[in-house]
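Remarks on the structure that follows.
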Amino acid sequence: MAENRLLDVVDVHQSYGEERVLEGISFEMDRQDVKVLVGPSGSGKSTMLRCINRLTDIDEGEIALDGESIYDMNQNDLRRQVGMVFQDFNLFAHLTALENVTLGLKRVRDMSEPDAVEKAARQLESVGLREQANSYPAELSGGQKQRVGIARALAMDPKLMLFDEPTSALDPELIGEVLEVMRDLAEEGMTMLVVTHEMGFARQAATDVLFLEDGELVEQGPPDQLFEAPEQDRTRDFLGRLTSLHGDQ
Amino acid sequence: MDSVFLSAQPLGDWEFVWQQRQFFVEGTRIAVELTFYSIVLGFILGLPAGVVEAYGGPYSKGVVRPVGVAIRGTPILVIIAITYFAFGVSPAFLAATLALGVRSAAYQSQIFRGAIESVEGGQMEAARAVGLSKLDAIRHVVLPQALRRSVPGFQNEFTIVLKDTSIAYAIGVAELLKRSYDLFSLQTSAALEVFLAASLIYFVLTFSVNRGIEVLNDRVAIPGGNY
Ligand SMILES: Nc1ncnc2c1ncn2[C@@H]1O[C@H](COP(=O)(O)OP(=O)(O)OP(=O)(O)O)[C@@H](O)[C@H]1O
Ligand SMILES: [Mg+2]
């Protein structure tokens, strides 16, 4: 296995009861890759992400992180190594921004209170929220909430970050601040798998774009190739519509 | 234990109530203690029961649920009678506390279950995604929010338990109602005055605790509200 390989997704099938959602998905990610997953609503994008940190179990196939099957790993340990950012933030509503970040440090990484606070404060600062450390989620704007969500995931020092439509719940004027944090993160070399409709972000930051439809990967490749010269008509149609809706940011 | 003080001359009915005020105070103290211990016992048993009902597997739920349904479906007088006469728990105060406490647990479990289920599923999911175990997620993320949301439910629960302490008179606990009966039998002309005094005391207690719970509810509210 290549030194640089971080994630292998091999022929993954997943269903909710009778409903088959993923029907044989395969792709891989090297360290520092930024892959953007696009596809119509209901195509299985969220499900794909949730399979990677085992919020959802797969029926068939294999997923490996750093060469080790995620089903051979301790579940909480896997999740520590895979950060997740949610569309509707899911910040812990009863905790301040700082406490949102320290909870995992204390309970999962067994850090002492002072160490956790120090690390969390630095993490919040890195997403531009030093001033908001003691604010509660309800006191933050959507963009600030999402940046706390990113800081909360980053604080665990994950190897891989999963983003599930991180800007879809935001007012248009707040999208930029979140994308900026994500672009910085990509530049620093974080490995990221991002579900988003923000095609500007895909063009600028993605190493590859993956187009998912009806539980199958229709096409994947570097953004230039997929946007300019897709092999499949379905890809061209979908990306064309997406770009006209969510132009370049 | 104090006893009714008998006066030589016949008294007016309100005078009689006033003269026996110490007797009422003592009954009030017992009613309040009964309520307090029953609510505490109900909390200790009801919280885990609520957690099991919200998160338990088929087996644990399969035990907790029917037990709760059975207790809630049984008249409190029957529960007290079973505790005292059938199980022979004594003294009567302890039997009454156990009966009221277990019954309260059955109701509190529903307050907690409802509050837990009202916490958005994304909270648990986000906690799990960070790597918290299910138990840690319940303890540190779901319960702190659920407990806050269950505070208003205690207005009802407290009122019900306080009023139902009066049923402990059936096994001879000298709480407020029992004492009212005793006084009434001493001076039957004072029936209205005696029982009015008792209900006034119940009302004042209920009212102040309900106010207290409102204050508590504001105190524990999450700043900025629940987003
Ligand atoms: N917990 C669940 N139980 C049952 N079915 C589910 C569940 N979650 C998702 N599904 C179904 O699985 C399919 C794929 O859903 P998924 O959320 O992965 O799609 P998506 O590509 O993320 O869509 P969107 O763009 O709307 O977020 C949908 O048909 C959805 O209804
Ligand atoms: Mg989705």
Side-chain angles (χ1 to χ4, degrees), chain A residues 46 49-50 52-56 73-97 99-110 134-142 144-145 148-149 151-158 161-162 164 169, chain B residues 43 47-48 50-51 54-58 108 111-154 213-227:
Chain A
S46 300
L49 294 194
R50 298 163 56 85
I52 294 172
N53 67 355
R54 290 189 59 188
L55 283 178
T56 300
M73 301 168 70
N74 172 292
Q75 183 177 274
N76 297 330
D77 197 44
L78 164 72
R79 289 173 177 164
R80 215 269 309 137
Q81 298 181 52
V82 179
M84 188 170 224
V85 174
F86 301 89
Q87 176 172 348
D88 37 15
F89 326 124
N90 292 343
L91 295 189
F92 307 132
H94 62 303
L95 300 179
T96 63
E99 290 163 343
N100 262 272
V101 183
T102 55
L103 182 65
L105 294 175
K106 291 192 289 189
R107 298 290 151 202
V108 181
R109 297 189 56 186
D110 291 323
N134 294 316
S135 301
Y136 284 84
E139 301 169 329
L140 299 172
S141 74
Q144 291 171 333
K145 280 181 208 170
V148 175
R152 175 175 68 182
L154 286 178
M156 306 304 286
D157 291 330
M161 284 284 288
L162 307 173
D164 193 358
Chain B
F43 183 87
L47 182 60
V51 171
Y55 289 115
Q108 288 190 40
I111 298 179
F112 296 128
R113 179 184 59 80
I116 289 169
E117 285 171 354
S118 80
V119 175
E120 299 68 23
Q123 296 286 306
M124 171 60 95
E125 196 150 84
R128 300 291 273 143
V130 172
L132 263 69
S133 66
K134 191 167 177 181
L135 210 61
D136 269 347
I138 293 173
R139 227 177 94 194
H140 297 289
V141 174
V142 177
L143 278 187
Q145 298 181 55
L147 286 176
R148 287 175 163 91
R149 292 183 194 186
S150 53
V151 170
F154 274 85
I213 289 175
E214 275 166 36
V215 171
L216 176 69
N217 197 38
D218 293 343
R219 252 310 140 80
V220 300
I222 298 166
N226 231 310
Y227 89 110

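As the structure is a computational prediction, the values presented were derived from the model and not from experiment.
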Relative to chain B, which of A:R80, A:E139, A:R109, A:R107 shows the most heavy atom pairs under 4.5 Å?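 Looking at each of A:R80, A:E139, A:R109, A:R107 in turn, A:R107 comes out on top.
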Is chain A contacted by the side chain of B:A221, its backbone, both, or neither, given a heavy-atom distance below 4.5 Å?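 Neither; nothing under 4.5 Å.
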Please tell me if the side chains of A:L103 and B:V141 come closer than 4.5 Å, counting only heavy atoms from C-beta onward.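 Touching, per the 4.5 Å side-chain cut-off.
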Within the structure provided, determine whether B:E214 and B:V151 are in side-chain contact (heavy-atom separation under 4.5 Å).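 Answer no - side chains too far apart.
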Heavy-atom contact with chain B under 4.5 Å, split by part of [X]:
{"X": "A:R152", "answer": "side chain"}
{"X": "A:V85", "answer": "neither"}
{"X": "A:Q81", "answer": "neither"}

For B:R148 and A:H94, does a side-chain donor sit closer than 3.5 Å to a side-chain acceptor?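 Short answer, no.
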Given 3.5 Å as the limit, does a donor-acceptor pair link the side chain of B:Q108 with the main chain of B:F43, or not?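 Yes; judged by distance alone, with no hydrogens or angles, the pair exists.
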What pairs meet the salt bridge (charged side-chain N to carboxylate O under 4.0 Å, His left out) rule with one or both residues in residues 125-140 of chain B, with sequence neighbours excluded?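 Sorted result for residues 125-140 of chain B: A:R50-B:E125.
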